[in-house]
Peer 1: 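Got a structure here, written out as structure tokens. Questions coming.
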Amino acid sequence: MITILIPCFNEEKVIGHNIQKIHNFFENKKYIFELVVINNASTDNTLKVLKEINKAYEIKILNENKKGKGNAIKLGLLNSKYDNVLILDADLSTDINELKDEWLKLKNSLLIGSRALGEEIDTPKIRRLSGLFLNKIIRLFFDIQFRDTQCGFKFIAYENISSLANDLSIEGFMYDLDLITLCKKLRIDIKEIPIKYIFNKNSSVSLITDPLVMLFEMLQIRKKIKS
């Protein structure tokens, strides 16, 4: 049994096709599953597309009007039915086929997809360099040795997902670090796994404004750890 969480911000062009792909993947494997899609303050026709695709494929649609990936993920986790949760980017930059059957047997575990350990395709050089710089800061200030904390592909096996979600407080892209530090505090086993990642040129991450927001969120996490 597994819950698949997909946060969405302005994904009208790809979300319908990708939901069909994900649904078919789990149907073919005969898993018991639920698809939870969080519409995160989209300003395009994402919600309209979700309602249309829901006529053919059963999905749970949640609306989080407060923008921020962390807000969307938290809402999804609070509404997850199962103890196994897979978090995916809506554009499937990391494909659903990266999921391994044996993960469903795990307990008390967090698996974080790693572009550094796997394969990263078509990512512009400036983004690679900024990602490496961010990771160096994280490893320095948070005593974390993982080489890629920010990949959108993550798998959680935990018997009290809602309790875990309630302790998450970062609203934006640094929710990943918030999740990792929280799992570390709870002595949840954390492993970095190699994945294949294909860069999406329509990525919503801005190299101009988002680094400042991420820095502020990292300071929030540092304060949270020390409290």
Peer 1: Is there a donor-acceptor pair closer than 3.5 Å between any side-chain N or O of Ser109 and the backbone N or O of Lys107?
Peer 2: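 A pair under 3.5 Å: yes.
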
Peer 1: Before you tell me yes or no, could you show the steps for Lys196 and Ile121 under side chain to side chain contact (heavy atoms under 4.5 Å, CB included), namely the whole-Å CA-CA distance, both residues' side-chain angles and the distance that decides it to 0.1 Å?
Peer 2: CA-CA 8 Å; Lys196 180 178 179 180; Ile121 300 171; 3.4 Å; yes

Peer 1: If hydrophobic clusters are built from ILVMFWY residues whose side chains come within less than 4.5 Å, do Tyr82 and Leu106 share one?
Peer 2: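 No, it is not one cluster - the side chains of Tyr82 and Leu106 are not joined through contacts under 4.5 Å.
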
Peer 1: Counting neighbours of CG on Asn160 that are heavy atoms of other residues, nucleotides or ligands and sit closer than 6.0 Å, is the number greater than 12?
Peer 2: yes

Peer 1: Is a side-chain donor or acceptor of Asn45 paired with a backbone partner of Glu12 at a separation under 3.5 angstrom?
Peer 2: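 A pair under 3.5 Å: no.
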
Peer 1: Can you hop from Met1 to Ile4 via hydrophobic side chains spaced under 4.5 Å?
Peer 2: no

Peer 1: Using side chain to side chain donor-acceptor pair (under 3.5 Å), reason through Thr94 and Asp89 one step at a time and then give a plain yes or no.
Peer 2: CA-CA 7 Å; Thr94 303; Asp89 285 333; 5.7 Å; no

Peer 1: Using the side-chain hydrogen bond (donor to acceptor under 3.5 Å, both in side chains) rule, collect all pairs that involve residues 214-225, keeping only residues at least two apart or in two chains.
Peer 2: Ser169-Lys224, Asp178-Lys224

Peer 1: Kindly give the heavy-atom pair with the smallest separation between Ile15 and Cys8, and that separation in Å.
Peer 2: CD1-SG, 3.5 Å

Peer 1: Please check if atom NZ in Lys48 has more than 12 non-hydrogen atoms from other residues, nucleotides or ligands closer than 6.0 Å.
Peer 2: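 Check fails, neighbour count at 12 or below.
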
Peer 1: Decide yes or no for Leu177 and Ile144: does some side-chain heavy atom of the first lie under 4.5 Å from some side-chain heavy atom of the second?
Peer 2: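 Counting from C-beta outward, Leu177 and Ile144 do come under 4.5 Å.
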
Peer 1: With clusters defined by side-chain heavy atoms of hydrophobic residues (ILVMFWY) lying less than 4.5 Å apart, directly or transitively, does Met214 cluster with Leu140?
Peer 2: yes

Peer 1: Supply the atom-to-atom distance Cys151 SG to Ile195 CD1, rounded to the nearest 0.5 angstrom.
Peer 2: 4.0 Å

Peer 1: So among Ile180, Leu134, Asn135, which one has a side chain to side chain contact (heavy atoms under 4.5 Å, CB included) with Gln150?
Peer 2: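 Exactly one option meets the side chain to side chain contact (heavy atoms under 4.5 Å, CB included) with Gln150, and it is Leu134.
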
Peer 1: With a 4.5 Å cut-off on side-chain heavy atoms, are Ile6 and Ile59 touching?
Peer 2: no

Peer 1: Consider only side-chain heavy atoms of I, L, V, M, F, W and Y, link residues closer than 4.5 Å, and tell whether Phe141 and Met174 are in one cluster.
Peer 2: yes

Peer 1: With a 4.5 Å limit on heavy-atom distance, are the side chains of Ser114 and Phe146 in contact?
Peer 2: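 They are not in contact (no side-chain heavy atoms under 4.5 Å apart), so the answer is no.
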
Peer 1: Say you draw a straight line from NZ of Lys191 to CG of Leu111; how long is it, rounded to the nearest 0.5 Å?
Peer 2: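 It is 7.5 Å, given to the nearest 0.5 Å.
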
Peer 1: Hey, is the main chain of Asn40 close enough, under 3.5 Å, to the side chain of Asn65 for a donor-acceptor pair?
Peer 2: no

Peer 1: Of all heavy-atom pairs between Thr3 and Leu5, which one has the smallest distance, and what is that distance?
Peer 2: CG2-CD2, 3.9 Å

Peer 1: State whether the number of non-hydrogen atoms from other residues, nucleotides or ligands found under 6.0 Å of Lys60 atom NZ is greater than 12.
Peer 2: yes

Peer 1: With side chain to side chain contact (heavy atoms under 4.5 Å, CB included) as the test, pick out the partner of Leu35 among Ile61, Ile19, Leu88.
Peer 2: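 Single pass found, and it is Ile19.
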
Peer 1: Heavy-atom distance under 4.5 Å between the side chains of Phe26 and Ile2, does that happen here?
Peer 2: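 When only atoms from C-beta onward are counted, Ile2 and Phe26 do touch, with a gap below 4.5 Å.
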
Peer 1: Looking at every non-hydrogen atom in both residues, tell me the closest pair between Asn63 and Leu75 and how far apart they are.
Peer 2: O-CD2, 3.7 Å

Peer 1: Got Leu92 and Ile198 here, is their nearest side-chain heavy-atom distance under 4.5 Å?
Peer 2: no

Peer 1: Look only at the side chain of Glu11 and the backbone of Asp91, and say whether a donor-acceptor pair between them is shorter than 3.5 Å.
Peer 2: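 Between the backbone of Asp91 and the side chain of Glu11 there is no qualifying donor-acceptor contact (under 3.5 Å).
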
Peer 1: Does Ile137 share a hydrophobic cluster with Ile221, counting links as ILVMFWY side-chain heavy atoms below 4.5 Å and allowing steps through other members?
Peer 2: yes

Peer 1: Look at the aromatic rings of Trp103 and Phe155 and report parallel, tilted or perpendicular, splitting at 30° and 60°.
Peer 2: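 Tilted: the ring planes of Trp103 and Phe155 meet at 30° to 60°.
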
Peer 1: Should Lys21 and Asp95 count as an ion pair when the cut-off is N to O under 4.0 Å?
Peer 2: yes

Peer 1: Start with the C-alpha gap between Phe133 and Leu129, add the side-chain angles, then the distance that decides, and say whether side chain to side chain contact (heavy atoms under 4.5 Å, CB included) holds.
Peer 2: CA-CA 6 Å; Phe133 180 68; Leu129 291 174; over 6 Å; no

Peer 1: Got a donor-acceptor contact below 3.5 angstrom from the Lys154 side chain to the Thr149 backbone?
Peer 2: yes

Peer 1: Can a side-chain donor-acceptor contact be found between Tyr175 and Asn71 if the only test is distance below 3.5 angstrom?
Peer 2: no

Peer 1: So do the side chains of Leu110 and Tyr158 get within less than 4.5 Å of each other, counting heavy atoms only?
Peer 2: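 Not in contact.
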
Peer 1: Check the pair Asn10, Ser42 against side chain to side chain contact (heavy atoms under 4.5 Å, CB included), reporting the backbone distance first and the verdict last.
Peer 2: CA-CA 5 Å; Asn10 290 354; Ser42 294; 3.4 Å; yes

Peer 1: Could you tell me whether the side chain of Arg128 and the main chain of Glu120 form a donor-acceptor pair under 3.5 Å?
Peer 2: yes

Peer 1: Output the distance between atom OG (Ser93) and atom CG (Asn18), rounded to the nearest 0.5 Å.
Peer 2: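 With rounding to 0.5 Å, OG (Ser93) is 9.5 Å from CG (Asn18).
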
Peer 1: For a side chain to side chain contact (heavy atoms under 4.5 Å, CB included) check, start with the C-alpha distance between Lys184 and Asp143, then their side-chain angles and the critical distance, and finish with the verdict.
Peer 2: CA-CA 11 Å; Lys184 187 177 178 182; Asp143 189 29; 3.8 Å; yes

Peer 1: Backbone N or O of Ser162 within a donor-acceptor pair of the Asn166 side chain at under 3.5 Å?
Peer 2: yes

Peer 1: Under the 3.5 angstrom rule, does the side chain of Glu64 hit a backbone N or O of Ala72 as a donor-acceptor pair?
Peer 2: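 No.
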
Peer 1: How long is the straight-line distance from CG of Leu104 back to CG of Asp83, given to the nearest 0.5 Å?
Peer 2: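 So the gap between those two atoms works out to 11.5 Å.
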
Peer 1: Answer yes or no: are there more than 12 heavy-atom neighbours, outside Glu159 itself, under 6.0 Å from its atom CD?
Peer 2: no

Peer 1: Are Phe9 and Thr46 close enough that some pair of their side-chain heavy atoms sits under 4.5 Å apart?
Peer 2: no

Peer 1: A side-chain contact here means heavy atoms from C-beta on lying under 4.5 Å apart; do Val85 and Val36 qualify?
Peer 2: no

Peer 1: Please check: side-chain N/O of Glu34 versus main-chain N/O of Lys81, any donor-acceptor pairing under 3.5 Å?
Peer 2: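 Side chain of Glu34 to backbone of Lys81: a pair is present.
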
